[in-house]
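Only a predicted model underlies this, so the values are computations on that prediction, with no experimental measurement involved. First the proteins, then the strands, lettered A, B, ... as listed; each starts at 1.
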2 protein chains.
Amino acid sequence: MSCPVCRGPVRPSPRGRRPVYCSRACQARAYRSRKNPPVPAPAEPEPTGRRRQIAEAVWRIAAERGLQMATVREIAAEAGVSPRVVQYHFTSKHQLLVTALQILHRQNERQARRRIGALRDASDPRVLLRSTLEELLPLDDERRASLRVMTAYYARSLTDPALAAVFLPEEQPLEDLVAALITAAGARPGIDVRREADLLVSGVTGLGMDLLHRRRPLADVRRTLDYHLDRILADRP
Amino acid sequence: MSCPVCRGPVRPSPRGRRPVYCSRACQARAYRSRKNPPVPAPAEPEPTGRRRQIAEAVWRIAAERGLQMATVREIAAEAGVSPRVVQYHFTSKHQLLVTALQILHRQNERQARRRIGALRDASDPRVLLRSTLEELLPLDDERRASLRVMTAYYARSLTDPALAAVFLPEEQPLEDLVAALITAAGARPGIDVRREADLLVSGVTGLGMDLLHRRRPLADVRRTLDYHLDRILADRP
DNA sequence: ATGTCGTTGATACGTTCGTATCTCAACGGG
DNA sequence: CCCGTTGAGATACGAACGTATCAACGACAT
């Protein structure tokens, strides 16, 4: 209950943390003597990805336990920080949720572009189209988790304009891309590329949700997809 | 090469034409649904009274403000009863949410059957098929609200086995119905009815979600649906 | 040596949550 | 007439929620 430097009395504060030192001078002196005998330096691996680190905690909680379990205290524990740190880096919980969705949204887009871009040179347009569509399916743990998070956010966005704004602004670049890929791969005569792209994209979305629920085996989805690609695309020589 | 009825494997025959169905029973079932498309009895009426009154309050709150706003006190206020009454008629909040989902699920099915059944006599199979698919779209306030509620529940069911159990147990009667309706309306040669039904149902589900978000105009969805029905079904005389 | 600034720790505040408890009115059969 | 059962009101309780407050910290500048 006394100042560890000058042994003098410490005035208690009416609120918040109890003071340790009796004055700013004693605090500085304690700091200096603590630093002079230098410790090997614990070396922090984290530069300052605090906001991202916290956002990732939101994703994990939302994917595993649902968005309603993403409380400030849970998020902080999952991120390995104190609740105060969450509070500091995001002005409110709502803003945190919106930001976490924005980051995930951008990352998904970048990830998909990267994966598809890797195939662009080496393979034929049909493989490219198929990969683009499969990008929407929960084919590995990462995409499954991401799809679960996006699903939770989608439901909440129906009653939260700030979240809806993250989903909406773009005007259907995915459908455009799929339509372009169909054209590039060569459509059979009589095929309306736009309408086929519309049903393919929304259909793969729906099939992905069935996969999440395990309401349908993956092989079945693959077979359905193959059938429709065969149907739409002209035979290769 | 699987049975279009039960999806099981088909044993090839040593003589003659390759079998399409895995058993005589499946062949007969396909014939029956081809001749007389399903849409069975209107089923039993829903329970009335306090429990239903409270369940409806849950739906309204979930549709308008989201499932996370459905607290016991809010539900009671929306239903016009005291919180104690909610507590009395449902042992816990979780059981209330599950029950509300079950009732809505059954009601949706009954409603769809009724609406489709009304068309059964007067119109041709193509109209029947189209109406069945449009039943999944938010075409009026009632269906829009219902779809919003079901979407919220779907998201939560990913992390709640009791809710998932309401969605899962049935083995794809909707896809079966659509497949039967396609067969009844007359498919073009080369069409795989099963695969078409799969993509149609999941596609309409995805398009319905786009409609909820207003990410896509209704006329666009209607045109996409028309295109695919034209593509699948043989021309009528 | 002290000041500044971005960051974090510990705790407090006021509210709302789901649920439990206690109470009473109405009713029907013995 | 008593008494057990059913339905519902009023209120309490402990936990968890989002957020607020302020001292302490560590790096750097002066």
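- Every residue was checked against the side-chain hydrogen bond (donor to acceptor under 3.5 Å, both in side chains) condition with A:Gln87, not counting sequence neighbours, and none meets it.
- The residues A:Arg194 and A:Glu175 are annotated as not salt-bridged, no charged nitrogen and carboxylate oxygen being separated by less than 4.0 angstrom.
- B:Arg156 is linked by a salt bridge (charged side-chain N to carboxylate O under 4.0 Å, His left out) to nothing, counting only residues two or more places apart in sequence or in another chain.
- With sequence neighbours left out, A:Arg148 forms a side-chain hydrogen bond (donor to acceptor under 3.5 Å, both in side chains) with no residue at all.
- Summarising the geometry, atom CD belonging to B:Glu196 is positioned 9.5 Å from atom OG1 belonging to A:Thr224; distances are rounded to the nearest 0.5 Å.
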Just the atom pairs and distances: protein N or O near nucleotides 21-26 of chain C's N or O, under 3.5 Å.
unit_1: C:dT21; atom_1: O4; unit_2: B:Arg84; atom_2: NE; d: 3.2

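- Using modelled atom types and a 3.5 Å distance limit, the side chains of B:Gln53 and B:Arg50 yield a donor-acceptor pair.
- With sequence neighbours left out, the side-chain hydrogen bond (donor to acceptor under 3.5 Å, both in side chains) criterion links A:Asn108 to A:Ser146.
- Taking a cutoff of 4.0 Å between a charged side-chain nitrogen and a carboxylate oxygen, A:Asp198 and B:Arg216 qualify as a salt bridge.
- Considering only side-chain atoms of A:Tyr88, the nucleotide from C:dT8, D:dG7, D:dA8 that sits closest is C:dT8.
- Taking a 4.0 Å limit (strictly below) on heavy-atom distances, residues 62-82 of chain A reaches DNA chain D at A:Thr71, A:Val72, A:Arg73.
- Residue pairs meeting the ring-ring contact (aromatic ring centres under 6.0 Å, His included) criterion with at least one member in residues 132-167 of chain B, sequence neighbours excluded: A:His213-B:Tyr154, A:His213-B:Phe167.
- The side-chain hydrogen bond (donor to acceptor under 3.5 Å, both in side chains) check on B:Glu142 picks up B:Gln111, with sequence neighbours excluded.
- Checking A:Leu129, A:Val127, A:Leu128 one by one against A:Ser131, the side chain to side chain contact (heavy atoms under 4.5 Å, CB included) holds for a single residue, A:Val127.
- One end of the helix from C:dA1-D:dT30 to C:dG30-D:dC1 points its axis 20° away from the other end's axis, with each axis taken from 5 pairs and the angle rounded to 10°.
- Contact between the side-chain N/O atoms of A:Arg50 and the OP1/OP2 oxygens of C:dG6 is not found at any separation under 4.0 Å.
- Here side chain to side chain donor-acceptor pair (under 3.5 Å) pairs that include residues 63-84 of chain A, with residues two or more places apart or in two chains, are A:Arg60-A:Glu78, A:Arg65-A:Glu74.
- Counting only residues at least two apart or in different chains, ring-ring contact (aromatic ring centres under 6.0 Å, His included) contacts with residues 78-110 of chain A are absent.
- Residues of residues 89-97 of chain A having a heavy atom closer than 4.0 Å to DNA chain D, listed by number: A:Ser92, A:Lys93.
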